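What follows is one structure encoded as structure tokens, with my remarks underneath.
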Amino acid sequence: VMAMAAALRGPSGRFRWRTQATAGGVRGSARGAAAGRQDYNLLVIGGGSGGLACAKEAAQLGMKVAVVDYVEPSPRGTRWGLGGTCVNVGCIPKKLIHQAALLGGMIRDAPHYGWDVAQPVLHDWRKMAEAVQNYVKSLNWGHRVQLQDRKVKYFNIKASFVNEHTICGVTKGGKETLLSAEHIVIATGGRPRYPTHIEGALEYGITSDDIFWLKESPGKTLVVGASYVALECAGFLTGLGLDTTVMMRSIPLRGFDQQMSSLVTEYMASQGTRFLKHCTPSRVQKLPDGQLQVTWEDLTSGRENMGTFSTVLWAIGRIPETRSLNLENAGINTSPNSQKILVDAQEATSVPHIYAIGDVAEGRPELTPTAIMAGKLLARRLCGQSLDVMDYSNVPTTVFTPLEYGCVGLSEEEAMARHGEEHVEVYHAYYKPLEFTVAERDASQCYIKMVCLRKPPQLVLGLHFLGPNAGEVTQGFALGIKCGASYEQVMRTVGIHPTCAEEVAKLRISKRSGLDPTVTGCG
Ligand SMILES: Cc1cc2nc3c(=O)[nH]c(=O)nc-3n(C[C@H](O)[C@H](O)[C@H](O)COP(=O)(O)OP(=O)(O)OC[C@H]3O[C@@H](n4cnc5c(N)ncnc54)[C@H](O)[C@@H]3O)c2cc1C
């Protein structure tokens, strides 16, 4: 027992054992754990989208549950509360700032509809940031209350594995706590990646972990990357009136339909976002006036260029939060390439009673709703309430760029690769949203594409929608596609007039037939 207690002791040699029945502090606790009596039925590491959903569901179904969550401040010192990436530095602040940017466009439209809007209309970043941050803080508080209401014990500690049933958690102040559980769920998500080889990148750059928490406007910004995070951030910065440049080494939105991705960036460029394509930064230096001088290489010409920015935002991908978990102490296997945790269809890791869900799990979409659903289903299985496993096919998503891009199912490239070009039929149309007409907005990139199997009844493999409210439109069609809708069924679906969504039910022109897509719209 003494040897076990020594083994359980953290690096500083101090720990506190949380248990319901421990005779003799450390020694008693260690004996309890060794004898298979655990503090909790379920311990969840990570209080983000997946972890909170799993913990709350399990507690509701009668399990004794604990959640540990700890936010390591960003290299710039930004920190936040309970709720994970989505709530604090992802979906929620992103969508609210996207909304702020869209409002700017509506204010520009307003005079066409008779509104007398004094020009120029100015935007106050400080005011917006404070409102968004206050809302996020209210969500942090809401999550804590929900855990309390459901009798889920919450620990604000950074966890790492001691053995396959025990974790050691460390508080901000360095105090250690040992917790043990029958089942452990890892839901630690990921964090933005910084380039390691670029001088000044870490010192002077920020990431999506910081942008939503800036009190002052970032000013003229260079966004490096071609991910959806890069394009969304560049989109709202441009929409708020800031001079914004995106620097990308290769293609935008890798993994998404490439025709749609080109239209997304084309629209952004038409709205004023500058693009430096096939360029890669090599150095960031701080000038005496505080501005950042960025040196980059143009990969096409081989030439070196320079530019000055107030802010450099890295959006070059994310790394899973597995590095400090000491997974080897529990025998949990990770992918050597991605460092993500390897899981099976039940979300189980290489250790049968330890699971991984959400962004930290290999091969899973990095999206909040999939993390939440996977967490809930896992809790139900652990409680013996259900055998249902998560179905990761046909997960819809939307990129909240100035012209939103929603999709569900396969891209055209994936459909061709999986089914063979001769078996795929693509229907598409450019359309003009009614709301673009009076205000004379350019609708050149408003486009819909449906990728189907060629053989009747032409099962829909993928739907791609570029236009206003893409998330709302795509969510509705996702149900049909999940239920195995065919092209014929979509065509028999009566539209809601006048909407952009009704244009989906009008897609009649076959792309493979070589005809130009019709331009449709409200007439
Ligand atoms: C800018 C941005 C925009 C996004 N927009 C969208 C969107 O519009 N729609 C969408 O569906 N998804 C979006 N996402 C993705 C979404 O936020 C994630 O997929 C989701 O949050 C993943 O949930 P999770 O539970 O896996 O992890 P997270 O939500 O990241 O939660 C993990 C938690 O674990 C904590 N943690 C990590 N290590 C430890 C440890 N050792 N001990 C204790 N706690 C630890 C972390 O601090 C964090 O609180 C966006 C992401 C970003 C970055």
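For clarity, every value in this text was computed on a predicted model and none was experimentally measured. Ligands are counted one by one from 1 in listed order, and the atoms in each one are counted from 1 as well. The chain is numbered in sequence order, starting from 1. Quick note: numbers below take in every heavy atom, side chains included, and nothing from hydrogens, waters or symmetry partners.
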Sub-3.5 Å N/O-N/O distance, [X] and ligand 1:
X	answer
Ser324	no
Leu325	no
Thr85	yes
Lys94	yes
Leu367	yes
Thr368	yes

Look at [atom] and say which protein heavy atom is nearest, naming residue and atom and giving the distance to 0.1 Å.
atom	value
atom 18 (C) of ligand 1	Asp359 OD2, 3.3 Å
atom 39 (C) of ligand 1	Thr188 CG2, 3.5 Å
atom 31 (O) of ligand 1	Gly48 CA, 3.3 Å
atom 6 (C) of ligand 1	Cys91 SG, 3.2 Å
atom 42 (N) of ligand 1	Ala159 N, 2.9 Å
atom 47 (O) of ligand 1	Tyr70 O, 2.8 Å

Notebook entry, point to check: Is the closest side-chain donor-acceptor distance between Asp210 and Thr78 under 3.5 Å?
Noted result: yes
Note to self: Assess, by modelled atom type and distance only, whether the side chains of His464 and Gln259 contain a donor and an acceptor separated by less than 3.5 Å.
What the structure shows: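 His464 vs Gln259: no donor-acceptor pair found between side chains.
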How does [X] reach ligand 1, if at all, at less than 4.0 Å between non-hydrogen atoms: by side chain, backbone, both, or neither?
X	answer
Ile45	side chain
Arg318	side chain
Ile157	backbone
Tyr228	side chain

Within a 6.0 Å radius of atom [atom1] on [X], are there more than 12 heavy atoms belonging to other residues, nucleotides or ligands?
X	atom1	result
Gln148	CD	no
Met373	CE	no
Arg144	CZ	no
Gln475	CD	no

Check: Can Glu321 and Arg323 be said to form a salt bridge (charged side-chain N to carboxylate O under 4.0 Å, His left out), step by step?
Finding: CA-CA 6 Å; Glu321 272 284 48; Arg323 289 160 299 172; 3.4 Å; yes
Within ligand 1, which atoms have a heavy atom of [X] less than 4.0 Å away?
X	value
Gly358	26 (O)
Gly50	25 (O)
Lys158	41 (N), 42 (N)

Next item on the list: May I ask you to decide if the ring planes of His183 and Tyr355 are parallel, tilted or perpendicular, using 30° and 60° as cut-offs?
Entry: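 Rings of His183 and Tyr355: tilted, as their planes differ by 30° to 60°.
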Item checked: Test log, rule salt bridge (charged side-chain N to carboxylate O under 4.0 Å, His left out), inputs Asp388 and Arg380 -> CA-CA 8 Å; Asp388 283 355; Arg380 286 177 206 159; over 6 Å; no
Next item on the list: Step by step, work out the side-chain contact (heavy atoms from CB on, under 4.5 Å) result for Trp296 and Val224.
Entry: CA-CA 11 Å; Trp296 67 87; Val224 185; over 6 Å; no
Margin query: Check this for me: does any side-chain nitrogen of one of Lys340 and Glu366 sit under 4.0 Å from a carboxylate oxygen of the other?
Written below: yes
Margin query: Check whether Tyr447 forms a cation-pi arrangement with Lys449 (NZ or CZ under 6.0 Å from the six-membered ring centre, at most 45° off the ring normal).
Written below: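 Not flagged: Lys449 not positioned over aromatic ring of Tyr447.
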